[in-house]
Amino acid sequence: MSGLSGTSGPLRPPTITDALRARRLLADHLPPTPMWSYPALNATTGATVLLKHENVQPTGAFKVRGGLTLLAGMNAAERARGVVGYSTGNHAQSLAYAAARFGAPCAIVMPEHPNPAKAHAVRALGAELIEAGADLGEAAVHAERVAAERGMRLVSAADEPDLIAGVATAYLEVFDREPALDAVIVPVGGGSGAAAACLAAAALAPDCRIVAVQSAAAPAAHDSWRSGGALLNRPSRTRVEGLATGSGFALTQRLMRDRLADFLLVDDDAIGEAQWTLMRDAHTLAEGAGAAALAALLVHRKRFAGQRVAVMCTGGNASEREIRAFSAAATTTAA
Ligand SMILES: *Cc1c(COP(=O)(O)O)cnc(C)c1O
């Protein structure tokens, strides 16, 4: 089983009505994020790129839309018991941020030796950080135990209708601003972003292709989708934290099954190149996952030539090591 959501039976998929409700809930908490086009980036890619800047969210990633929507939908008694998440980073910050906003206790289980910047951010948001397990799967098992012992709500990183409805607000913004897009490219880990894009496009932009992208070094969601909906496990060997998932998730796979136009794979080096391109052409610091959509456009540029393409820059939480590696790479490139 994947997506330890704590419920039995299939989850109800969110609808566009849920996304519109989430937009009303979020209006008090988050302004819409910008979406800019950069001539240098257009020249580099051969497409008209609309870069959606989720990296400027208060937590540095789009997931905060989901966390706030979920906490806003809990009643007072549920909030008082609190929430537990397991995450390598951005889902954790989203839950911690939302829990702090709504005065709810929050515990986060991260696999041992987490990205120090992300661990620091979670603690700074007032959440309890528990380091347990060698990987996300083991952390998930530990989180389930913590939730059961303390009566807290366990929040899956992807199989949660409220998270997907909240994340869909990013795509409502995209289609409000740019109704005539040829494609939207979305990076995938658990698939909440791509599922949310499918949901919004079905209602607002039925002719726009939603294209998902994953690291070839962690292809579980890709392989699950290609198989027609089996929830497959695959080794996760990617360096790219936001994309490091080892299994397909039921709810997101179901939403992607019919609506996703294509699912591409890129290798980690191509993602690194795209991070550098974002810095050079769009003065934007993206973490690897936040540059994966651009990597897909660069690697598969023929498919998108001359088109209007929204590229999701999903997050900016690059680790200090990652940022230092850039400077080294830049020195080499310049020489
Ligand atoms: C979580 C995350 C992703 C992947 O999103 P899913 O909804 O898990 O598919 C992409 N980019 C960033 C920055 C993330 O934090």
Side-chain angles (χ1 to χ4, degrees), residues 2-3 14 33 51-57 59-67 69-70 85-97 110 114-115 117-118 121-122 136 140 155-171 184-200 210-215 218-222 224-225 236 238-253 255-256 260 263 266 271 274-275 278 284-296 311-319 322:
S2 64
T33 57
L51 192 66
K52 178 64 169 165
H53 280 288
E54 290 297 298
N55 57 304
V56 303
Q57 291 287 8
T59 57
F62 73 95
K63 287 193 177 75
V64 70
R65 295 173 184 269
T69 302
L70 186 116
Y86 52 93
S87 165
T88 50
N90 287 334
H91 174 53
Q93 284 190 57
S94 156
L95 280 185
Y97 182 90
M110 285 188 180
N115 170 338
K118 289 182 175 178
V122 160
L136 206 53
V155 184
S156 157
D159 269 352
E160 294 280 357
D162 285 350
L163 293 191
I164 297 169
V167 169
T169 61
Y171 298 90
V184 179
I185 312 180
V186 187
V188 170
S192 76
C198 289
L199 178 66
I210 305 299
V211 177
V213 56
Q214 212 169 24
S215 166
H222 168 273
S224 297
W225 184 77
S236 170
T238 178
R239 295 192 297 271
V240 180
E241 280 176 22
L243 307 184
T245 321
S247 64
F249 285 78
L251 185 57
T252 57
Q253 285 291 330
L255 284 160
M256 289 191 286
L260 202 61
F263 206 141
V266 291
I271 292 173
Q275 276 179 292
L278 279 175
T284 295
L285 173 64
E287 62 187 282
L294 180 65
V311 168
M312 301 304 291
C313 180
T314 46
N317 290 320
S319 67
E322 226 172 336

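In each ligand, atom 1 is the first atom listed, and ligand 1 is the first ligand listed.
- The part of Glu287 lying near ligand 1 is the side chain, judged by heavy-atom distances below 4.0 Å.
- The shortest N or O to N or O distance between Gly290 and ligand 1 is not under 3.5 Å.
- Per-residue contacts place Gly315 under 4.0 angstrom from the following atoms of ligand 1 (heavy atoms of the residue considered): 13 (C).
- In terms of protein heavy atoms, atom 4 (C) of ligand 1 is closest to Gly189 N, 3.4 Å.
- Put simply, the side chain of Lys118 never gets that close to the backbone of Asn90: no donor and acceptor are under 3.5 Å apart.
- Asn55 and Leu285 get closest at one heavy-atom pair: ND2-O, 4.2 Å.
- For ligand 1, the atoms lying closer than 4.0 Å to a non-hydrogen atom of Gly242 are 1 (C), 2 (C), 3 (C), 4 (C).
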CA sep, side-chain torsions, deciding dist, call: Leu243, Ile271, side chain to side chain contact (heavy atoms under 4.5 Å, CB included): CA-CA 11 Å; Leu243 307 184; Ile271 292 173; 4.2 Å; yes

Val188/Trp225 under side chain to side chain contact (heavy atoms under 4.5 Å, CB included): CA gap, chis, key distance, verdict: CA-CA 11 Å; Val188 170; Trp225 184 77; over 6 Å; no

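- Listed by atom number, the atoms of ligand 1 under 4.0 Å from Asn90 heavy atoms are 13 (C), 14 (C), 15 (O).
- For Ala157, the closest heavy-atom approach to ligand 1 does not fall below 4.0 Å.
- With respect to atom 2 (C) of ligand 1, the closest heavy atom belonging to the protein is Lys63 NZ, 2.4 Å.
- Under a 4.0 Å criterion applied to the non-hydrogen atoms of Gly193, ligand 1 contributes the atoms 7 (O).
- Checked by distance only, ligand 1 and Gly190 come closer than 3.5 Å through their nitrogen or oxygen atoms.
- With Gln214 contributing its side chain and His222 its backbone, the two residues share a donor-acceptor pair below 3.5 Å.
- Nearest protein neighbour of atom 5 (O) of ligand 1, counting heavy atoms only, is Phe62 CZ, 3.4 Å.
- Counting all heavy atoms, side chain and backbone alike, Glu287 lies closest to Gly60 at OE2-O, 4.3 Å.
- Looking at Gly191 next to ligand 1, an N or O pair under 3.5 Å apart turns up.
- Regarding atom 12 (C) of ligand 1, its nearest protein heavy-atom neighbour is Thr314 OG1, 3.3 Å.
- At least one donor-acceptor pair closer than 3.5 Å links the side chain of Thr238 to the backbone N or O of Val240.
- With His91 contributing its side chain and Val155 its backbone, the two residues share a donor-acceptor pair below 3.5 Å.
- Near Ser192, meaning under 4.0 Å from any of its heavy atoms, are these atoms of ligand 1: 6 (P), 7 (O), 9 (O).
- In plain terms, the two heavy atoms of Pro187 and Ala293 that are nearest each other are CD-CB, 4.1 Å.
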